[in-house]
Amino acid sequence: MVSLTSDMSPLHPDRNLALELVRATEAAAIRAVPFIGRGAKEAADGAAVDAMRAFFSTVNFDGTIVIGEGEKDNAPMLYNGERVGNGKGPQCDVAVDPIDGTSLTAAGRQNALSVIAVSDHGSMLDASSVFYMDKLVTGPAGVGVVDIRLPIGENIRLLAKALGKPVDEIVVSVLNRPRHEQLIADIREAGAGTRLMSDGDVAGGINAARHNARTDMCVGIGGSPEGIVTACAIKALGGHIQGVLAPRDDAEREKGRDAGLKVDGEVYEADDLVKGKNTIFVATGVTDGQLVQGVRRDGDFIYTESVVLRGASGTLRRISSEHLTSKWL
């Protein structure tokens, strides 16, 4: 039986907040649509930021942005430390990415999302001092089995055994970057297949952790903020996530050390990235992808698909919405 203690408390983010936040990701996704495939990622991101921020002001919570747009995209709004919500209701840590995959949106490619993650106040790691993080994500079968400190080939063999499937049926998602050339070669040398992502490693991590997904593992160096956001979703899916911060140079390493971060190869476990299970992850598709469908307009209606994942209840809910086009003109 699921305990209702934390869920019923006005001091914690609850199911009502989760459903309210969907309106903000839907708005951001819809406002980004005119820029899909137009090669203008800054314009797409700006429109999404404006829409998300406007809806935040109507939501009953007292949020502080721990992971925002300012650090990553030099945005004037939704910056780290900004207070969002109407100030009533639970105090929360908030991570936002109005468009996870601005380059995907600009190019008209798949897997662009509008994302919000929320957890109890003071529970989210602020890793903004170090831009990159090496991550390992799997579904529940990888819990207590794989470890980011092991060679990738060994992790693939261990996960294959836990899943009860041949190694050659394992599929690993990796961002397609020059820094991952050896990692990709090692995955293939171990006998597994790769799914190379051009961007959007939040969706990549979640897809690797979902039941009956087409990928089994997501690995490699991506954004540190995306690692925290992904951890909020993995808490609801019962999956495995670990991270190791990857400073780009000595100056960034020292900056991270001054911020109290572990920057010398130490491993961040799931509870280090976000404490507890009272997490909410909300995402609306901007473009089509494995996780959700993108925004679609058909005459007088706009259609969106979203997912809501709650760590407290261990649920993934899909929300399909129909919006009157006239309300968005």
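Because the structure is a prediction, the values reported are computed rather than measured. Keep in mind that the numbers below use all heavy atoms, side chains included, and drop hydrogens, waters and symmetry copies.
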Engineer: Looking only at non-hydrogen atoms, find the nearest pair between Ile234 and Gly205 and report the distance.
Structural biologist: CD1-O, 4.0 Å
Engineer: Where is the tightest heavy-atom contact between Asp201 and Gly223, given as atom of each residue plus distance?
Structural biologist: OD2-N, 4.0 Å
Engineer: May I ask you to establish whether Arg23 and Phe55 are in a cation-pi arrangement, using a distance under 6.0 Å from NZ or CZ to the six-membered ring centre and at most 45° from the ring axis?
Structural biologist: no
Engineer: Would you list the atom pairs, donor with acceptor, under 3.5 Å between side chains in residues 322-329 and any protein atom, with sequence neighbours excluded?
Structural biologist:
| residue | atom | partner | partner atom | Å |
| --- | --- | --- | --- | --- |
| His323 | NE2 | Thr304 | OG1 | 2.9 |
| Thr325 | OG1 | Gly299 | O | 3.3 |
| Thr325 | OG1 | Asp300 | O | 3.1 |
| Thr325 | OG1 | Phe301 | N | 3.1 |

Engineer: Does Tyr268 have Lys262 sitting over its ring (NZ/CZ under 6.0 Å from centre, angle to axis within 45°)?
Structural biologist: yes
Engineer: Looking only at heavy atoms, what is the nearest atom pair of Ala28 and Pro98, with distance?
Structural biologist: CB-O, 4.0 Å
Engineer: Within this structure, what is the CG-CD1 distance for the pair Asn80 and Ile65, rounded to the nearest 0.5 Å?
Structural biologist: 7.5 Å
Engineer: So is Arg179 actually on top of Tyr132's ring, under 6.0 Å and inside 45° of the axis?
Structural biologist: yes
Engineer: If the threshold is 4.0 Å, N to carboxylate O, is there a salt bridge linking Arg83 and Asp62?
Structural biologist: yes
Engineer: Work out which heavy atom in Ile116 is nearest to a heavy atom in Ala24; give both atom names and the distance.
Structural biologist: CD1-CB, 3.7 Å
Engineer: State which residues pass salt bridge (charged side-chain N to carboxylate O under 4.0 Å, His left out) with Lys165; sequence neighbours excluded, sorted by chain then number.
Structural biologist: Asp216
Engineer: Looking only at non-hydrogen atoms, find the nearest pair between Ala112 and Thr105 and report the distance.
Structural biologist: CB-OG1, 3.3 Å
